[in-house]
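This report concerns only the one structure given below.
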2 protein chains.
Amino acid sequence: MSEAKSESKSVNLTKRAVYELRQRIIHGGLAGGTRLYEVALSEELQISRTPVREAMSRLAEEGLLERASGGGFQVRSFSYRDVTDAIELRGVLEGTAARLAAEQGADKTALAEIGAILDELDDCFAGEAGESLDFDRYSELNGQFHAKLAELCQSNVILRELERVKSLPFASPSAFVLGSQQTRRSLQSLVVAQAQHRALVQAIERREGVRAEAIAREHARIARANLEQTFITETQAPDSLPGIALITR
Amino acid sequence: MSEAKSESKSVNLTKRAVYELRQRIIHGGLAGGTRLYEVALSEELQISRTPVREAMSRLAEEGLLERASGGGFQVRSFSYRDVTDAIELRGVLEGTAARLAAEQGADKTALAEIGAILDELDDCFAGEAGESLDFDRYSELNGQFHAKLAELCQSNVILRELERVKSLPFASPSAFVLGSQQTRRSLQSLVVAQAQHRALVQAIERREGVRAEAIAREHARIARANLEQTFITETQAPDSLPGIALITR
DNA sequence: CGCCCGTGATTTGTATACATTCGGTGTATA
DNA sequence: TATACACCGAATGTATACAAATCACGGGCG
C-alpha cells in the first residue's frame, strides 16, 4: 500500500508510461502536434523503449496520439472546428443511444437508477443564492448520468464508439462544468442542462425516440456554447478546459 | 518488382504481419474470440515477436482485435446484434456527414465528381435483362461514392470515425454487393440503392439537411435487410459475406 | 543558379535474451 | 475429503544490441 504514489503505480512500466504521457498531453506538457521521440522519452521516464512504445500505441488507440508519416507518433492536434465536431458527434451518438433505448424500451431498473442520479443532481443546486453549487459533485454525477444513459440501449458497438469520443478530454460531458466555474452564466446553463436531463429520460420512458434523439443533440450543444464562451472570455487561459493544449491552428 | 508476391510486400515486417493477420481474420482462418499467442504466431509467420506485437496493436486500433484481460489480444467477436448496430451506426454517421454537408453547403466541384460516379453506377445496369450487372464495378464505384460523400462535410473527426466503422468488413458500404451476387432480389435492392444515392445528393444540393440525414440512414438499412437475407438463405455459407467468421454467439 | 545525389547522423524497426506474472496441478496436511 | 501451499510451465513484460530506413545537409555537376 505504501508505494501508491500519486503518479506511478508499480503495476507495470507500460501503464506508468501511459499514465505519465496522458497527463502531460492533457495538462499541456506536450502540446498538440509535438512529435514524440522514443529515446528521449525513455530516458526522461527512466523506462526502456519497449514499454514506452507500447504506451504510445495505446494512446493512439485512445485517440490522443496519431502515427506520424515515416513512423513514430505525434500528439494529435485539433482545430477549433475539430473540437466543435467532436462535441456534435458526441451529441449524435448519445442521441442514437437514447433513440434506440426509447425504441426498444429501456430496462426499468436502470431507469430508476438514472432517476436517483437526477435527484442527486438536483440536490447540488440546494443553496438558493446563485453561488452555492457543488461543482465537483455535479460534475461527477453528470458523468455518471451520461454513462448510464449510454448503457440503456444495450449496444456494445454504440457504447464503444461513444467511449472513444468521450475520451477526448474536451468532448467529455463534464468538460465544461469544471472549466467555467466562475461565471453566473455557467450556473444558468447547468439549470438548463438538468431540465434537459429530465426531459430526455421522460422521452425514453414514453418511447418517444425522435424526441429523445433531438434532446440529446441539443444537450450537447450546451457544451458547444460553453466552448465559445470559454474562448471569448479567457483567450489564453491555462487550465480553463482540460486538453486545451491539444487545440491548435 | 519481382518480389511483389500476392501476400507479403517486403516493405517491413510489421506491415506484413498486419496484412497476414487481417487476411486470416477476415477470411476465417482466425475465428472471432480466438486468442492470439505471440510466440506461436511469430514462429508461424517467421517474424520475431516485436513486429507481431506491433501488428496486433495496430489491428486493435482498427477494431479487428481487442486487448484481452490479463494481457495479449484476441480476435474481436461480434454478435448478430453487434453487426446490426454497426450498420445502423454507419447510417447514423453517414447521415450526420450528409446533414452537415447540406447545412454548410457542399463544394460544387466535389458534387460534380459525385455526380459523375453516379452516372457510372447507372452504366452498370446497362443490360436490360435481370442478369447482366457488373457487380465488381458496381461495388468499386459504390465504395467511391460513399467515400466522396463522407468528405463533403469536411470534418476530420466525422470522417475518422466513419472510416473506423467502415473498417469492420461487414459494415462497409459494399459488403453485401458482392456477398449476395446470385439472387434477383439483390439486383432489385441495388436499383433502390441507386435511387437513394440520387435523392441523397439532391437533398444535399438543395441544403435539405434533415432529408439528407434520413435518406442516408434508410440507405444503410438496405445493408441490414441484405444481412438478414444472407443469414436466412445460406446459413453456413463460407464467403458469402466478408468477415462472417467474426460473427459468433 | 538550381537540382540531384551521396553521406552521415538520428530515429525507428527488429531480434532476442532475460524477468515477471499468472494459472494450473499435484501433494501434503488438517 | 477438502484446503492450502508450492512448484512448474507458459505466456506476456522489459531491456538492449544491432539493422535498416529516413532526413538534413552539403558538395558536385548540369
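Throughout, a chain's letter reflects where its sequence line sits, starting with A, and its residues are numbered from 1. All heavy atoms count here, side chains included; hydrogens, waters and symmetry mates do not.
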(Q) Restricting to ring-ring contact (aromatic ring centres under 6.0 Å, His included), what partner residues turn up for A:F73, sequence neighbours left out? (A) none
What does the list of N/O pairs under 3.5 Å between the protein and nucleotides 8-13 of chain C look like, with a distance for each?
residue, atom, partner, partner atom, Å
C:dT12, OP1, A:L36, O, 3.3
C:dT12, OP2, A:E38, N, 3.3
C:dG13, OP2, A:R53, NH1, 2.8
C:dG13, OP2, A:R53, NH2, 2.3
C:dG13, N7, A:R49, NH2, 3.0
C:dG13, O6, A:R49, NH1, 2.8

Q: Fit a plane to each ring of B:H219 and B:H197, take the angle between them on a 0 to 90° scale, and name the class: parallel (under 30°), tilted (30 to 60°) or perpendicular (over 60°).
A: perpendicular
**Q.** With B:Q74 via side-chain hydrogen bond (donor to acceptor under 3.5 Å, both in side chains) - residues at least two apart
**A.** B:E66
Q | Set of residues satisfying side-chain hydrogen bond (donor to acceptor under 3.5 Å, both in side chains) with respect to B:R35, sequence neighbours excluded | A | none
Q: Check whether any side-chain nitrogen or oxygen of A:T50 sits under 4.0 Å from OP1 or OP2 of D:dT14, and answer yes or no.
A: no
Q: Check side-chain hydrogen bond (donor to acceptor under 3.5 Å, both in side chains) between B:R24 and all other residues, then give those that pass, not counting sequence neighbours.
A: B:E20, B:E44
Q) On DNA chain D, nearest-nucleotide positions of A:S69 versus A:K15: which is more 5'? A) A:K15
Q: Measure from CD on B:E43 to C1' on D:dA10 and round the result to the nearest Å.
A: 12 Å
Q | Length of the line joining A:I47:CD1 and D:dT16:C1', which is rounded to integer Å | A | 15 Å
Q | Nucleotide D:dG13, atom P - distance to CZ of A:R16 in whole Å | A | 16 Å
**Q.** Residues forming a side-chain hydrogen bond (donor to acceptor under 3.5 Å, both in side chains) with B:E151, sequence neighbours excluded
**A.** none
